[in-house]
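Source: prediction; values computed, not measured. Residue numbers start from 1 in every chain, and the chains themselves are labelled A, B, ... in the order their sequence lines are given, proteins ahead of strands.
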Number of protein chains: 2
Amino acid sequence: MINLVKLKDIAEELKLSVSTVSRVVNNQDRVNPATRKKVQEALQRHHYLPDENARRLKTNTSNVLGIIVPDISNPFYARVIKGIEHGVMERRYSLLLCNTDEDIVQEENAINLLMRQKVAGIIVATSARQQLINALYGKTGCPVVFFDNVPQSSQPVYSVTINNAKATRDLVRYMCEKGHERIYMITGPQGESSADERLAGWRQALTGQGIIPEDTWYRFGDFREASGYRIMTEFLRQAKPPTAVCLANNFMAYGAIKAIEAAGLTVPDDLSIAAFDAADETGLMRLSITTVVQPAEEIGLVSADLCLHAAQQRSSTKCQKVILDHILLHNETVACPPESR
Amino acid sequence: MINLVKLKDIAEELKLSVSTVSRVVNNQDRVNPATRKKVQEALQRHHYLPDENARRLKTNTSNVLGIIVPDISNPFYARVIKGIEHGVMERRYSLLLCNTDEDIVQEENAINLLMRQKVAGIIVATSARQQLINALYGKTGCPVVFFDNVPQSSQPVYSVTINNAKATRDLVRYMCEKGHERIYMITGPQGESSADERLAGWRQALTGQGIIPEDTWYRFGDFREASGYRIMTEFLRQAKPPTAVCLANNFMAYGAIKAIEAAGLTVPDDLSIAAFDAADETGLMRLSITTVVQPAEEIGLVSADLCLHAAQQRSSTKCQKVILDHILLHNETVACPPESR
DNA sequence: TTGTATGCGTTATCAA
DNA sequence: TTGATAACGCATACAA
């Protein structure tokens, strides 16, 4: 690393003290306009950039936010990160990014890494189950904003989500309106709030319609395509298979559709499908999936706001759970059930 | 930010000096095995984590890499970043991520931000045109690894790419084999190496087949869907429209296909299409596009290796241009031209 | 309005 | 084998 110009260099050149130059850099008053101008000009000329490490060490505050996500190549997380970027950019914060591959050990490493860097705050889509979350994030010493998988306890934490239960209820009711009764559900891992809440919403909607779902009507997947395929295949083997299935994310929906077609059936003629986050980005999908769209960039933006706000006020008192609106796209993968035609 | 435990605290508790504790933390020798054990146990018990800022300030080296990309929500960049993550993880480096929205001002800000943080190196898909690249990255004071858009000068720089010209030649030759002659090209912005090289490869392949492309046969897009749509529409209005078109990326291909269909034509019956990075991730596309697949994660992995290696040896002498293999997927969007049937 | 002095947490040099 | 001390670059309380 090349030795860059520092306050001392500027001070010596102008025969001033380091403190005066520092004051100009930080736009403080109590500096003679003339000297200020002279200093600014010299700073410009030398392309002075303050050393953030030294500054941080001195002030014990940093302008870096830590981001922890399971999989940065998942478009949903990528868009959230983009939203965070936009949220912090004007305030000149940087983003320290950690990918965990949904591995809890990697997540713990990431937390340590961020703590060592003394980040001002952490925004995280944790892969930890409920019981673990507190143990992991309780002692970070900085504000933590959760999204996607959030602590469900009544404890005060910052979180940004959609109303997952309501979104699923909307989805299921829509299927009911189309005449479906045997509506099954493939959700995510048990203990992840988004998975749990979506399952709860599914159950609420069904019972609300006077339908009592049996235990064979739902399964926990892992948000990956293979689990969608596998579980859907099992559903189809049941004595009385479903006429419609809800899926907790896009990848599992892709797997499920392939399983249905592998069984010689057609979506939505033989079986209806709806899923979370399965909007067609390309406009070239064979099937445009009926889907709940989460406002990913907004989730990032709001998380960033929350995190910066919490970081800037010393007291970590007023925690907030923000709930954003989702969109329900009524596309072509939900039709009336076969028997009703 | 909560006050974490520091070397001094441990030292006081054990009635040792800070230096001894520091030596244990850094696994240096010249420390009594007994005391070492005692110290290690205390470090564990207090969950000691070194302050990377102080360390960096003192040693003038950092374990942070800066990443600059135009758009993190583009799956290609997201996958490259994932590769970088995997490449640096075991060496306990962190990633400082900057999104530029292809805006050169934001890119300059990002560079400054990274320099202030004293990153050990930078991995970048720059949005700068050739002439600008040196001005922007010449004075970073740390190794810079380019991918995607790389300096084409003969100057020694680190870069990781595929052979874009060859990949396009492969694509065009394949179209020629199918009987096409009027093969057009929509490339990226002039001055971006990937765009320029793909255009060059297209030209080489055609002339190699004895076909002399006219100036109306190619256009510079901006890698966005709208430009693919617009330019394709213009191509179709020409007196003698193309029978096949090459596109420099996925988004422009999506736009082009929509333009073709909007004109009442069919891919590939009326017009053949091939593109870069347009592999079907979902397995549910209407059309599986004939495409050049870049090894995105490998690009990230190799970039990380190069960058770390360069950062760890003081001398920035031996620069390298790494060229990785691409894959050509022969899918269904290239057929024989209509007149030959 | 400007300068001097101190310390942030760590590493490194030198002495004990 | 251990400890005292200085320094990294900067911000700031206090003195001038």
Side-chain angles (χ1 to χ4, degrees), chain A residues 1-40 42-43 46-64 92 112 115-120 141, chain B residues 1-40 42-43 46-64 92 112 115-120 141:
Chain A
M1 259 183 299
I2 280 176
N3 251 0
L4 294 186
V5 52
K6 42 202 169 187
L7 286 187
K8 200 175 149 210
D9 301 327
I10 308 278
E12 280 173 359
E13 175 176 313
L14 300 180
K15 302 207 188 311
L16 285 168
S17 75
V18 178
S19 26
T20 304
V21 182
S22 169
R23 275 190 282 261
V24 174
V25 170
N26 293 351
N27 272 317
Q28 306 198 18
D29 45 8
R30 296 174 176 266
V31 164
N32 186 307
T35 47
R36 181 187 298 275
K37 186 155 192 193
K38 213 169 51 179
V39 172
Q40 279 170 337
L43 291 171
H46 287 86
H47 301 105
Y48 172 76
L49 293 173
D51 183 325
E52 290 294 339
N53 300 301
R55 181 173 272 183
R56 215 168 294 167
L57 186 58
K58 181 67 191 159
T59 62
N60 200 31
T61 66
S62 95
N63 51 175
V64 177
R92 324 225 88 209
N112 286 342
M115 288 177 68
R116 294 163 70 129
Q117 311 281 355
K118 294 276 187 305
V119 293
Chain B
M1 260 183 300
I2 281 175
N3 251 1
L4 294 186
V5 54
K6 42 204 167 186
L7 285 187
K8 200 175 150 210
D9 302 327
I10 308 277
E12 280 173 359
E13 174 176 314
L14 299 181
K15 303 208 187 310
L16 284 169
S17 74
V18 177
S19 357
T20 303
V21 182
S22 169
R23 275 190 283 260
V24 173
V25 170
N26 293 354
N27 271 318
Q28 303 197 19
D29 45 6
R30 295 174 178 267
V31 54
N32 186 307
T35 48
R36 180 187 298 273
K37 186 154 191 191
K38 214 169 50 178
V39 172
Q40 279 170 336
L43 291 172
H46 287 86
H47 301 106
Y48 171 76
L49 293 173
D51 183 325
E52 290 294 340
N53 300 301
R55 182 174 269 181
R56 217 168 298 170
L57 183 60
K58 183 65 192 165
T59 62
N60 202 30
T61 65
S62 94
N63 51 173
V64 176
R92 323 225 88 207
N112 286 342
M115 289 177 67
R116 294 163 71 128
Q117 312 280 357
K118 293 276 185 308
V119 293

DNA chain D: 5'-proximal contact among B/Ser19 and A/Ser22 (nearest heavy atom): B/Ser19
Heavy-atom pair with the smallest gap, counting every atom of A/Val39 and A/Leu16: CG2-CD1, 3.6 Å
Interatomic distance where CD belongs to B/Gln117 and P belongs to D/dC10 [whole Å]: 13 Å
Minimum heavy-atom distance between B/Asn32 and B/Thr35, given as atom pair plus value: O-OG1, 2.7 Å
A/Ser22 side-chain N/O to A/Val18 backbone N/O, donor-acceptor pair under 3.5 Å: no
Sugar-phosphate only, base, or nothing, as touched by A/Asn26 at under 4.0 Å among non-hydrogen atoms: sugar-phosphate
Sugar-phosphate only, base, or nothing, as touched by B/Gln28 at under 4.0 Å among non-hydrogen atoms: sugar-phosphate
Any side-chain donor near an acceptor of the partner, A/Arg116 and B/Asn63, under 3.5 Å: no
Whole-Å gap separating P (C/dG9) and CZ (A/Arg56): 15 Å
Whole-Å distance separating the CG atom of A/Asp29 from the P atom of C/dT1: 8 Å
Length of the line joining B/Glu52:CD and D/dC8:C1', which is rounded to integer Å: 15 Å
Atom-pair distance (CG on A/Leu7; C1' on C/dT4), nearest Å: 15 Å
Which residues share a side-chain hydrogen bond (donor to acceptor under 3.5 Å, both in side chains) with B/Arg23, sequence neighbours left out: none
Least distance between heavy atoms, A/Tyr48 atom then A/Val5 atom: CD1-O, 3.5 Å
Euclidean distance, atom CG of residue B/Asn53 to atom C1' of D/dA11 [Å, nearest integer]: 15 Å
Nearest-angstrom distance from the residue atom CG of A/Asp9 to P of D/dC8: 11 Å
With sequence neighbours excluded, residues passing side chain to side chain contact (heavy atoms under 4.5 Å, CB included) with A/Asn27: A/Arg36
Sugar-phosphate, base or nothing in reach of A/Val18, heavy atoms under 4.0 Å: nothing
Least distance between heavy atoms, A/Lys38 atom then A/Leu14 atom: O-CD1, 4.1 Å
B/Tyr48 vs C/dG9: side-chain N/O to OP1/OP2 distance below 4.0 Å: no
Output one line per pair: protein atom, nucleotide atom from nucleotides 14-16 of chain D, and distance, for all N/O pairs under 3.5 Å.
none

Minimum-distance nucleotide to A/Ser17 side chain [options: D/dA4, C/dG3, D/dA11]: C/dG3
A/His46 side chain reached by A/Asp9 side chain, heavy atoms, under 4.5 Å: no
Sugar-phosphate only, base, or nothing, as touched by B/Arg55 at under 4.0 Å among non-hydrogen atoms: sugar-phosphate
List, with names and distances, any nitrogen or oxygen atoms from the protein found under 3.5 Å away from nitrogen or oxygen atoms belonging to nucleotides 6-8 of chain C.
| unit_1 | atom_1 | unit_2 | atom_2 | d |
| --- | --- | --- | --- | --- |
| C/dG7 | N2 | A/Lys58 | NZ | 2.9 |
| C/dG7 | N3 | A/Lys58 | NZ | 3.1 |

Gap between atoms CZ and C1', on B/Arg30 and C/dT13 respectively (whole Å): 12 Å
For A/Glu12, all residues meeting side chain to side chain contact (heavy atoms under 4.5 Å, CB included), sequence neighbours excluded: A/Lys8
Check: A/Gln28 main-chain N/O paired with A/Asn26 side-chain donor or acceptor under 3.5 Å: no
Nearest listed nucleotide, side chain of A/Asn32, among C/dT1, D/dT12, C/dG3: C/dT1
Net bend of the helix from C/dT1-D/dA16 to C/dA16-D/dT1, end axes of five pairs each, nearest 10 degrees: 40°
Heavy-atom donor-acceptor pair, A/Ser62 side chain to A/Lys118 backbone, under 3.5 Å: yes
